[in-house]
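Heads up: the structure comes next, in structure tokens.
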Amino acid sequence: MGMCLWNAILQLVIITSLARFQHAQFHYLPTAQVSTSWSIRNLSILSPFVPLRIILSNCGFACGFYSTNDEYDSFFFAVAIVKIVGDDVTSFTNVWVANRNKPVGADAKLQFLADGNLVLTDADGSLVWSTNTSKRSVVGMKMMKTGNFVLHDANNKTVWQSFDYPTDTLLLGQKLVKGQRLSAYASETNMSEGNFYLSVTSQGLFAYYKANVPQMYFRYLAFDGNMESIELMHSTTGTGPLSLYFSSSAPHKPFPFKTVANSNEITMPFMKFNSNGHLILYDSSFFTDDMLAEHMSECEYPTTCGNLMLCSNQGENCSCPAGLGKDDYSAPGCAEINPTLCRTPQFQSLVPYKDVYHFSFVDPDSAVLKGTDMESCKEACLNNCSCEVAFFQHLHNYSHGNCFLPSPVLSLIYDGDQRNNRQSYAFVKIANYSGIGIAPGQEVINGAGGARGSPTSAMRYKIIAASTVGSFLLIMFVRKKGDGAEEMEEYLDQISGMPIRFSYAKLKIATGNFQKKIGQGGFGSVFEGSLQDGQKIAVKCLESSGQGKKEFLAEVKTIGSIHHQNLVTLIGFCVEKLHRLLVYEFMSNGSLDKWIFCIQPQQPPLDWPSRKTIILNIAKGLAYLHEGCRKKIVHLDIKPQNILLDANLHAKISDFGLSKLIDRDRSRVATTMRGTPGYIAPELISSVMTEKADVYSFGVVLMEVVCGRKNVDRSQPVELLHLLPVLMKKAMDDGLIDMIDRRGESMQSHSSEVVKVMRLAIWCLQRDYKKRPSMSMVVKVLEGTMEVEAELDYNMHTPTILAAVTRETELETTATEILPSFLSGPR
């Protein structure tokens, strides 16, 4: 009996069991001119062992609600492969989830509205997820036998489908197209987005580990640079070997990336991108094949071993480098380097390991230094407080290679052999007091398992013990001489108007010993915490500061005195011995980039009123910094990652780590060029800095918000790679309407207003900074009390030239440098 026929018979059993369900159907549900809704609490559970509530089903697939805990108080709307025996669902495997990052309670409702929109709302009525199909002629929804959940019109034409919004799974016949990604679950029991994602671009297929800067661990380049999609399918329609095919926009047939042996025996195949970064082929819920096994060893996955651990023998051996011990109190891995030693390089050593590699080597662009020598690489690590391990990869000699400083480090790869004819050294930073440790230049030939050449356990214990004693002696030394504690206390007492001063111990308690890391900034990490009164806070631990303590406190006072509804508030600070911490208000909806670039299926795109409010909030915040403060403050790093959103999606500017305090009688200063490539004003190349640099960056952000894409998007064809030149050309051709983000109807229905805002962005992006508006003028345009300048220059600086100049995040110039503030808000 055919599988689909067998499942169809089983579905008849479901229909009988679902007779008491509200509006339960087989696989097709027409819409009347009234709303239809399902309440989770009113949908019966088919099995006490599998908490699944089915709404529609077809041929082994079902959509409905399922819970992930025994209390049945947290639910997801999903599509799953189900197995039914008698009246019970004995197993299910979810293959698509609408609200993976925001589960709903038992009183939530799914509503199929009369206007054709399908919405999921929580018990309080808040919108959790929507198909955004209002007024798009939708008349019904159905569950396809392919596992595709579809909304269709009167002609049975698909208007919306779950296949267009993949989560972590790719079903047979479903395409993962250019610009889309599979995002793994956080764990086998946590359905929210985890640390791994698989992405398709025109260049090929790539896998990443999420970090402040995502780290690539797998790369497969398309031979023609025109990849369009990947798809799991048979070599002939419905039969033949099962393969993962790549498709190109060039006139070529799809070519197989991986063909599965004995695939004719697989009946319900699908690929799932798992929480450990593996791409696995399953049959129903059973493991069948690792789709990347031919291209990767087990040690090339970032989390095969714990953090800072040496991985060998296909992941069967995991060991700590010399000078580090296993961390038994947190995640598996080795104990981290003591951060309080950051500014004492005389107490640091780099332990060299030969033939130790890192998974990020697959991405040469991630090297912080190219064509450099080994000593420069080691020095870069010693001078970088965040660096735990430096990797030097070279072809022939030590004088020419690439230097990698990954953060976080995760697993290290040891296999004793050259890779791609290249050799690699890993230099592990350890605490080294009184000369105890491994001498500089001494190689550890074998880094795993205590084999030949590795330090003995006794030596490791000596190093750790010596480090502990050294730490105590260092602290006593700092208390006596280095910190000037009594002078500092006296100085603090003389300063009025300071923000709240917290003790380090209190912030340690507030953050749960700094356990929940929510961001990484240019000068330190950010942790979530709560004060005793319940107020949530974001605590930034500064890892480095070139300022003296008095200068640091003076800036704390300056920034602490700035209060505006569109600036993230500095609540307080901590300065104790070597600890420098800043305490900010907590912004619950994170940074703007997650709302305009990384939209997930369960997260509806921002509508135009929300986007306009965010734009106006940013403009008002900058106008205050430029014109409302006693001293003009230029931010110099305006980008979506530095715009934070509160619970009401109101925007506030954060991170003043690159700001300059400028006296009002100085209209411009020469400066070291700092910032983020793509947002840097062209005049900064010539070391000319005014507040108009922020106006330019604001113009870039404004365009990203209304277009819904990044300024530099490598998933786009070469001619569309850079947004701004495309914008200028469209403006000259009177085609700005073509640039509007097409996700959601709201942007299209307000197209005339959006185009006006685009013209405002072009005004902000003028090459001549003197022709750009002030931020107060920008606010007036957004509020409708002023018009955009009529005569605009549409000639754009060449992005390739700018990219070449700004290849480094920070470029030194010969101009007089005004050091930036080292205060950095939560990113």
Side-chain angles (χ1 to χ4, degrees), residues 98-99 101-102 104 111 113 115 117-122 124-136 160 165 564-568 585-623 638-654 697-711 723 736-737 739-761 764 775 778-784:
N99 58 316
N101 291 326
K102 193 173 182 181
V104 295
Q111 294 176 290
L113 304 178
D115 64 2
N117 199 18
L118 184 66
V119 297
L120 175 64
T121 55
D122 216 336
D124 60 0
S126 61
L127 177 65
V128 175
W129 171 82
S130 169
T131 56
N132 291 304
T133 50
S134 299
K135 300 177 183 179
R136 293 179 61 186
W160 181 96
Y165 302 92
H564 190 273
Q565 61 182 353
N566 298 125
L567 301 177
V568 174
E585 66 173 319
F586 182 79
M587 302 291 284
S588 59
N589 269 316
S591 55
L592 176 60
D593 60 313
K594 297 180 177 64
W595 289 84
I596 56 176
F597 300 147
C598 308
I599 295 178
Q600 300 301 318
Q602 74 280 3
Q603 177 183 306
L606 292 173
D607 58 16
W608 171 240
S610 298
R611 298 192 203 205
K612 185 178 179 182
T613 298
I614 289 171
I615 292 168
L616 182 59
N617 292 158
I618 302 169
K620 287 182 175 179
L622 285 174
I638 293 296
K639 57 184 178 181
Q641 292 83 352
N642 285 340
I643 308 299
L644 303 185
L645 305 178
D646 65 15
N648 298 314
L649 291 179
H650 291 160
K652 298 189 180 186
I653 299 170
S654 74
S697 301
F698 171 82
V700 178
V701 172
L702 196 160
M703 281 309 306
E704 290 179 322
V705 171
V706 297
C707 295
R709 59 153 285 186
K710 295 181 180 178
N711 177 31
L723 175 62
L736 284 176
I737 195 170
M739 303 289 293
I740 299 175
D741 190 352
R742 297 185 180 279
R743 293 172 295 183
E745 290 185 356
S746 178
M747 297 295 290
Q748 303 299 320
S749 61
H750 293 86
S751 58
S752 60
E753 189 176 7
V754 177
V755 167
K756 180 180 178 181
V757 171
M758 286 183 174
R759 289 185 55 78
L760 172 62
C764 295
M775 288 309 304
V778 170
V779 171
K780 291 178 181 179
V781 172
L782 292 170
E783 291 179 337

If I compare all heavy atoms of Ser591 with all of Pro640, which pair ends up nearest, and what's the gap? CB-O, 3.8 Å
Partners of Glu753 by side chain to side chain donor-acceptor pair (under 3.5 Å), sequence neighbours excluded? Trp608, Lys612
Candidates Asp741, Ile740, Ile615 - the one meeting side chain to side chain contact (heavy atoms under 4.5 Å, CB included) with Val706: Ile615
Is a side-chain N or O of Arg742 found less than 3.5 angstrom from the main chain of Gln748, in a donor-acceptor match? no
Stepwise side chain to side chain contact (heavy atoms under 4.5 Å, CB included) test for Lys780 and Met775: CA-CA 9 Å; Lys780 291 178 181 179; Met775 288 309 304; over 6 Å; no
Leu645 to Trp595 - nearest heavy-atom pair and separation: CD1-CD1, 3.5 Å
Go through it in stages, so that I can follow the logic: the residues are Val778 and Phe698, the test is side chain to side chain contact (heavy atoms under 4.5 Å, CB included), and I'd like the CA-CA distance, side-chain angles, deciding distance and then a yes or no. CA-CA 10 Å; Val778 170; Phe698 171 82; 3.6 Å; yes
May I ask you to test the Met747-Arg611 pair for a side-chain heavy-atom distance under 4.5 Å? yes
Inter-residue atom distance Leu127.CG - Leu120.CG, 0.5 Å rounding: 8.0 Å
Under the side chain to side chain donor-acceptor pair (under 3.5 Å) test, residues paired with Asp607 that sit two or more places apart: Ser610
Pairing residues for Asp124 by the side chain to side chain donor-acceptor pair (under 3.5 Å) criterion, not counting sequence neighbours: Ser126
Within the side chain of Ser588, is there an N or O that forms a donor-acceptor pair under 3.5 Å with the backbone of Ala647? yes
Can you tell me how far CG of Leu782 sits from OG1 of Thr613, rounded to the nearest 0.5 angstrom? 10.5 Å
Taking the side chain as every heavy atom from C-beta outward, state whether Asn566 and Ile618 have any pair of such atoms under 4.5 Å apart. no
Who passes side chain to side chain donor-acceptor pair (under 3.5 Å) against Asp646, sequence neighbours left out? none
Please examine the side chains of Asn132 and Pro605, heavy atoms only from C-beta on, and report whether any two atoms are closer than 4.5 Å. yes
If you take all heavy atoms of Leu567 and Gly621, which pair is closest and at what distance? CD2-O, 3.9 Å
Would you say the side chain of Cys707 lies within less than 4.5 Å of the side chain of Met758, judging by non-hydrogen atoms? yes
Do you see a donor-acceptor pair shorter than 3.5 Å between the side chains of Ser130 and Asn117? yes
With the side chain counted from C-beta on, respond yes when Trp129 and Leu118 share a heavy-atom pair under 4.5 Å apart, and no when they do not. yes
Report yes if some heavy atom in the side chain of Ile614 is under 4.5 Å from a heavy atom in the side chain of Leu592; otherwise report no. yes
Less than 4.0 angstrom from a charged side-chain N to a carboxylate O is my criterion; do Glu585 and Lys652 meet it? yes
Tell me every residue that passes side chain to side chain contact (heavy atoms under 4.5 Å, CB included) with Arg759, counting only those two or more places apart in sequence or in another chain. Leu736, Val788, Leu792, Tyr794
Nearest 0.5 Å, please: how far is CD1 in Ile653 from NE2 in His564? 9.0 Å
How close do Thr121 and Gln111 get, heavy atom to heavy atom, and via which atoms? OG1-OE1, 4.0 Å
Side chains of Lys639 and Glu704, heavy atoms from C-beta outward: is any pair under 4.5 Å? no
Side chain to side chain contact (heavy atoms under 4.5 Å, CB included) with Ala761: which residues, sequence neighbours excluded? Leu702, Met703
Using 30° and 60° as the class limits, which term best fits the ring planes of Trp160 and Tyr165: parallel, tilted or perpendicular? parallel
Is there a side-chain contact between Phe597 and Arg709 (heavy atoms, below 4.5 Å)? no
